[in-house]
Number of protein chains: 2
Amino acid sequence: MTAGTHGPRLTPGPSVTISDVAEAAGVSRQTVSNVLNAPDRVRAETRERVNRAVSDLGYQPNRAARSLKSSSPRMVGCRILPVHAGTVASIQDRFLHALAEAGQACDHHVLLFTATDADEETERCTALWRAGAVSAVVLYDVTPHDPRPRQLVAAGVPFAAFGRTATCVDGYSWADVDNTAGTASAVDHLVAAGHRRIGFLGWPEGSSVGDARAHGWLAAMDRHGLLAQSHRLDVRGDDTMSSGTRLMAELLDRPEPPTAVVAATDTLGVGALHAVRHHGLRPGEDFAVVGFDDTPAATAVGLSSIRQPIEEVGRLIMAELLRLVGRNADKDVDGAADSLHRLLVPELVVRASSAPLRRAPGG
Amino acid sequence: MTAGTHGPRLTPGPSVTISDVAEAAGVSRQTVSNVLNAPDRVRAETRERVNRAVSDLGYQPNRAARSLKSSSPRMVGCRILPVHAGTVASIQDRFLHALAEAGQACDHHVLLFTATDADEETERCTALWRAGAVSAVVLYDVTPHDPRPRQLVAAGVPFAAFGRTATCVDGYSWADVDNTAGTASAVDHLVAAGHRRIGFLGWPEGSSVGDARAHGWLAAMDRHGLLAQSHRLDVRGDDTMSSGTRLMAELLDRPEPPTAVVAATDTLGVGALHAVRHHGLRPGEDFAVVGFDDTPAATAVGLSSIRQPIEEVGRLIMAELLRLVGRNADKDVDGAADSLHRLLVPELVVRASSAPLRRAPGG
DNA sequence: CGGATCGATTTTATCGTTCAAGCCTGGGCT
DNA sequence: AGCCCAGGCTTGAACGATAAAATCGATCCG
């Protein structure tokens, strides 16, 4: 026994080693190791005896020792952003959960860290990787001019990103959600429900995600030949509920108001719903609203929303990281796949706020 | 050099070992170790030479090796809950961030894992601890009849809890937020602003947190001698915005409506605000609303809210874990403190929705 | 002047696991 | 009989860091 005491231990403690198991089963360390890692090398009878000892003692292989020997910590690092007062509906928690779950399926865990800015984040990533604390890291919310991918590539840290930079084609793996396709599908849905004048509530131009969502609306409206009828029905403001309410009220006061809007976020969408009700309209019957991100708030108020397939993103990113570090371990160049570039299509979740119109508007 | 190549390495790689540094500085491994862990044992000149080699090579001590030797992984485990569709405003992300930040201050990290239920959670905690992957774990959202603390105590896993069980006095460390004091302080605030008829919007009886928040309102109203005037002004419903709107509208339609309400959550509070506006009242001028949890939504709509000191909880829990595992390492009984039992008082954040009345109601 | 002392550094041993090589036994082949 | 081989298991070494012990000079003191 490693710990000096004799007799059965009531609380097995963190220190049941492979030698303890070996002694209990009357075999050597290596045989125990073989039972766990290459069972076919061990005679069935011995295997059974060892397995019993393992479960009797509650043996868990020490991860530090295993990491040290295999030089793979079976961990991926990910920064957790502070909950910013301005940010209303974050999907970071969903992402982290998805990542943790995907990792768990292949005995990997997520290590959290914090940072005050992008530079500190890449520094910490590099330090964690050099320290062998993680075999790779994940970048969350990568934007078009994000410096982080470049920095990590330069540092040689294996990583995959949720989101992508403008010049993302080269050098690193990413998965992203097609925001443009999301708002476009919302427009298609509303057109199919009979709407012709469809507005858009968005963020001020300049944010990548916001612009992509605005572009999806614009392109889809154009495709349906509805841009002329919806002249200047896209309005922009901050990502707050009151902003959504104000923008929506502004649209409803126009001479030819829209009969539906696509909002760039659930926050704006929820705000819009209030303005709609305030104008005496019934959401889902007289007027339709679609939000974005499918946050719990959308569920709560029955707001149709575009749901990002975060769980899928988590799985893809985790699988890609395993491939990256695995490939490095095998050979440096085994040809085949280079890196992951995957654009996922979000899915519209239809709720009461955009149920098909009972009467066609104006009909 | 560990890796077989010669010459300066462009990407230092994860495998710069203490021996590489020692060779570069022309000293032995142990001297490098001393420079890093006990600098006073090394002559200033040597120390400087070693430090230069450390930064030249970008050396980071290998965490697995350090864990193995010190038998302390410098990690704490915490389950991340799935984002439940029903849960509207979670503070789990704030908690995880606080925990990660508090840990980082003392070179500890947070390891995330998922579980489908409480039993699986304790199993995973035990396995992680036995594997030496974490030195302790954190329980989030512990409720009065939670089985987890008992199970972890039985398994001998060091832990600290956010929240507490009904019979929490024994055996384990926790930090919790005094929900009762929170709603009570909201009542005090509203009374000081001149309100006399103050309502309460809460969850159906049976949830610990909900009951505590309801009790805070009740006790404070009684203390101010206002219960008679506020006869049956506490109403209950689901934790959704629409529920908040409905309940608020119900109260406003009473013959003697309240002039203010305390809501058990921001979700209910935001819902209530809409009902208030719908009745032609101006929040903060004609009517006051206070929410709970200070979620980003409250900031967005200017809702006064009771903020849980999560950052403080994170710091306390992390400090307690360090004490627990440190004590274990030193001696088993070094007397002094037993375990942490800390009830923190939340803080009211006053915003426009409950700014002091300009004219006393009814005056 | 010899032994003690002290500071600075090196050597040794160890944490728990796994890879590589070694050893033993019994059976099949010549 | 002697030889080889393969299956089944054990021993030795290594991963990287560090506490403890050993070494080596140099200084000090009786």
Side-chain angles (χ1 to χ4, degrees), chain A residues 1-4 12-50 53-54 57-74 107 129-133 135 329, chain B residues 1-4 12-23 25-50 54 57 59-74 107 129-133 135 329-330:
Chain A
M1 300 276 280
T2 302
S15 50
V16 178
T17 76
I18 201 172
S19 300
D20 295 335
V21 177
E23 191 180 351
V27 295
S28 72
R29 293 163 303 179
Q30 187 59 37
T31 301
V32 179
S33 177
N34 284 337
V35 167
L36 299 174
N37 302 320
D40 53 313
R41 287 191 204 159
V42 180
R43 193 157 42 114
E45 186 206 349
T46 316
R47 202 188 309 148
E48 199 181 338
R49 193 152 35 96
V50 169
V54 164
L57 295 173
Y59 169 69
Q60 287 285 134
N62 184 298
R63 290 183 81 101
R66 183 172 278 190
S67 296
L68 184 58
K69 193 74 177 83
S70 67
S71 57
S72 161
R74 306 187 85 79
D107 194 31
W129 177 67
R130 295 233 185 114
S135 39
Chain B
M1 299 277 279
T2 302
S15 50
V16 178
T17 76
I18 200 171
S19 300
D20 296 335
V21 177
E23 191 180 350
V27 295
S28 73
R29 289 165 304 179
Q30 186 59 36
T31 299
V32 178
S33 175
N34 284 337
V35 167
L36 298 174
N37 302 319
D40 53 315
R41 287 191 205 159
V42 180
R43 194 157 40 116
E45 186 206 349
T46 315
R47 201 188 309 148
E48 199 181 340
R49 191 152 36 97
V50 169
V54 165
L57 296 173
Y59 168 68
Q60 289 284 132
N62 184 297
R63 291 182 80 100
R66 184 172 276 191
S67 296
L68 185 56
K69 190 74 175 81
S70 67
S71 57
S72 162
R74 305 188 84 80
D107 194 31
W129 177 66
R130 294 233 184 114
S135 40
D330 290 348

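Just so we're on the same page: letters track the sequence lines, and every chain starts at 1.
Across the protein-nucleic acid pair, Lys69(B) atom NZ and dA14(D) atom C1' stand 16 Å apart, rounded to whole Å. Straight-line distance from the CZ atom of Arg43(A) to the P atom of dG26(C): 12 Å, rounded to whole Å. The nearest whole Å value for the distance from the CD atom in Gln60(A) to the P atom in dT17(C) is 10 Å. When rounded to the nearest whole Å, the span between CD1 of Ile18(B) and P of dC15(D) equals 14 Å. Rounded to whole Å, the distance from CZ on Arg41(B) to P on dA20(D) is 9 Å.
Among the nucleotides dA17(D), dT18(D), dT17(C), the one closest to the side chain of Asn62(A) is dT17(C). The listed nucleotides are dA17(D), dG16(C), dT10(D); the one nearest the side chain of Leu68(A) is dG16(C). Each of dC9(D), dT10(D), dT18(D) was ranked by its minimum atom distance to the side chain of Ser28(A); first place goes to dT10(D).
Side-chain nitrogen and oxygen atoms of Thr17(A) include none within less than 4.0 Å of the OP1 or OP2 phosphate oxygen of dG16(C). Considering only side-chain N and O atoms, Ser67(B) lies nowhere under 4.0 angstrom from the phosphate OP1 or OP2 of dC15(C). For the OP1/OP2 pair of dT18(D) and a distance below 4.0 Å, the side-chain nitrogens and oxygens of Arg29(B) include no atom meeting the criterion. In terms of phosphate contacts, Ser19(A) brings no side-chain nitrogen or oxygen within less than 4.0 Å of OP1 or OP2 of dG16(C). Dashed line: the shortest gap from a side-chain N or O of Arg66(A) to OP1 or OP2 of dT18(C) is under 4.0 Å. Asn34(B) has no side-chain polar atom (N or O) that falls below the 4.0 Å cut-off from OP1 or OP2 of dT18(D). For Ser33(A) and dT18(C), the shortest distance from a side-chain N or O to OP1 or OP2 is below 4.0 Å.
Within the 4.0 angstrom heavy-atom criterion, no nucleotide atom of any strand lies near Val32(B). Within 4.0 Å of Ser70(B), counting heavy atoms only, lies no atom of the nucleic acid at all. Contacts of Ser71(A) with the nucleic acid, taken as non-hydrogen atoms under 4.0 Å apart, are absent.
No more than 12 heavy-atom neighbours from other residues, nucleotides or ligands sit within 6.0 angstrom of CZ on Arg41(B).
Pairing each heavy atom of Ala133(B) with each of Pro73(B), the nearest pair is O-CB, 3.5 Å.
In this structure the side chain of Thr17(B) never reaches within 4.5 angstrom of the side chain of Asn62(B), judged on heavy atoms.
For dA19(D), its base sits under 3.5 Å from the side chain of Gln30(B) at one donor and acceptor pair at least.
Remark: the backbone N or O of Ala131(A) is not paired with any side-chain donor or acceptor of Arg63(B) at under 3.5 angstrom.
Residue whose closest nucleotide on DNA chain C sits further toward the 5' end, between Ala65(B) and Val27(B): Val27(B).
None of Asp20(A), Ile18(A), Val21(A) except one satisfies the side chain to side chain contact (heavy atoms under 4.5 Å, CB included) rule with Arg29(A); the exception is Ile18(A).
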